[in-house]
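The block underneath contains the structure these notes are about, expressed in structure tokens.
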Amino acid sequence: MFVATLIRSAFGFGEALIAVPLLAFFMPLRAAAPLAVLLSITIAAMVVIQDWKQIHFRSAGWLLLATLPGLPLGLLLLSSGHQRVVRALLGVVIAAFSCWSLARRDTVELRRESPGWLAACGFCAGVLGGAYGMNGPPLVVYGSLRRWSPQQFRATLQAYFLPASLLAMAGFRMAGLWTPGVTHDYLRSLAVLVPALFLGRWINRRLKGEAFLRFIYAGLAAIGAVLVLQALAGRG
């Protein structure tokens with residue numbers, strides 16, 4: 001949980017890549033996903049309070065609206081028998097896009113807000129959030145295309161994650177997946193969250209444009225690879 005929080009605080013996303021797969025070794029995915037979302041709520045709230053001036057509120061708002069129809073579909077997938085296929089397809093798409101972006105020097109850039117990209121990325125984030133507690137990858141794709149600075153990237157994603165994660169937890173509650181055991185594990189982890197959060201903020205302040213984008217795409221490629229490997233191994 002410490003490492004997951006550090007990564008989320010430094011880059012604005014990615015804690016589910018660490019937390020969910022590792023937690024899944026010790027607990028069912030149905031417990032790991034809501035625990036990761038509780039972690040997301042805590043981190044997002046603290047970052048929004050710290051860095052609200054860096055937030056692109058318009059982008060965060062439209063991404064959140066596009067997420068709403070995706071959440072029920074994600075929760076349905078979590079309770080269905082088709083998780084492996086969906087996870088593998090998403091992993092392939094995310095990894096392919098990231099590797100393509102790393103290989104190209106003239107990566108596509110969105111110079112202004114794109115309703116189509118906002119809707120597509122927000123909807124996919126809702127599906128991933130409802131199914132696996134992993135809203136991040138589609139949002140990171142949009143932020144990287146918009147060329148946000150590391151500070152804007154981190155803060156804007158948290159402005160999205162806070163209400164989206166609250167909605168996801170409401171869904172987990174209605175689905176009976178937010179149990180006393182999940183709350184107990186979350187409370188046990190709080191002691192390591194605060195130091196990891198501030199250390200991650202220190203790292204974020206020292207990241208620069210092009211190098212930051214390469215970190216982002218490498219992180220996305222890793223997320224895609226993990227999703228594919230988990231699907232092939234039959235986990236979740």
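These numbers were taken from a predicted model, which means no experiment stands behind them.
The main-chain N or O of His56 is found under 3.5 Å from a side-chain atom of Thr156 such that the two form a donor-acceptor pair. Remark: side-chain polar atoms of Ser9 are paired, donor with acceptor, to backbone N or O of Arg201 under 3.5 angstrom. A donor-acceptor pair under 3.5 Å links the side-chain atoms of Gln151 to the main chain of Asn204, judged by distance alone.
Exactly one residue among Leu177, Leu38, Val37 makes a side-chain contact (heavy atoms from CB on, under 4.5 Å) with Val182. That residue is Leu38.
Considering only heavy atoms from C-beta on, Thr42 stays 4.5 Å or farther from Leu197 through its side chain. A heavy-atom distance below 4.5 Å is found between the side chains of Trp148 and Tyr142. With contacts defined as side-chain heavy-atom distances shorter than 4.5 Å, the pair Met1/Leu35 qualifies. Using a 4.5 Å heavy-atom threshold, the side chains of Leu193 and Leu190 count as touching. Residues Val140 and Leu157 form a side-chain contact, since some pair of their non-hydrogen atoms from C-beta on lies under 4.5 Å apart.
Heavy atoms only, all atoms of each residue included: Cys121 and Pro138 are closest at O-CB, 3.2 Å. Between Phe2 and Leu199 the shortest heavy-atom distance is CZ-CD2, 4.5 Å. A pairwise comparison of heavy atoms in Thr67 and Gly122 identifies OG1-O, 2.9 Å as the closest pair. Among all heavy-atom pairs drawn from Tyr160 and Ala125, the shortest one is OH-CB, 3.5 Å. Closest approach of Ala44 and Phe161 over heavy atoms only: CB-CB, 4.1 Å.
Atoms CZ and OG, on Phe172 and Ser165 in that order, are 9.5 Å from each other to the nearest 0.5 Å. The CG atom of Leu63 lies 11.5 Å from the SG atom of Cys124; values are rounded to the nearest 0.5 Å. Between the CZ atom in Arg146 and the CG atom in Leu118 there is a gap of 8.5 Å [rounded to 0.5 Å].
Cluster membership for Ile55 and Leu139, using ILVMFWY side-chain heavy atoms within less than 4.5 angstrom, is not shared. Linking Ile, Leu, Val, Met, Phe, Trp and Tyr whenever their side-chain heavy atoms come within less than 4.5 Å leaves Phe57 and Leu64 in two separate clusters. In this structure, Ile41 is not a member of the same hydrophobic cluster as Val48, with clusters built from ILVMFWY side-chain heavy atoms closer than 4.5 Å. Linking ILVMFWY side-chain heavy atoms closer than 4.5 Å, directly or via other members, places Met46 and Trp52 in two distinct hydrophobic clusters. A continuous path of ILVMFWY side-chain contacts below 4.5 Å connects Ile43 to Leu187, so both sit in one hydrophobic cluster.
Judged as a side chain to side chain donor-acceptor pair (under 3.5 Å), and not counting sequence neighbours, Arg58 has no contacts.
Within a 6.0 Å radius of CZ in Arg206, other residues, nucleotides and ligands contribute more than 12 heavy atoms. Around atom CZ of Arg173, no more than 12 heavy atoms belonging to other residues, nucleotides or ligands sit under 6.0 Å away.
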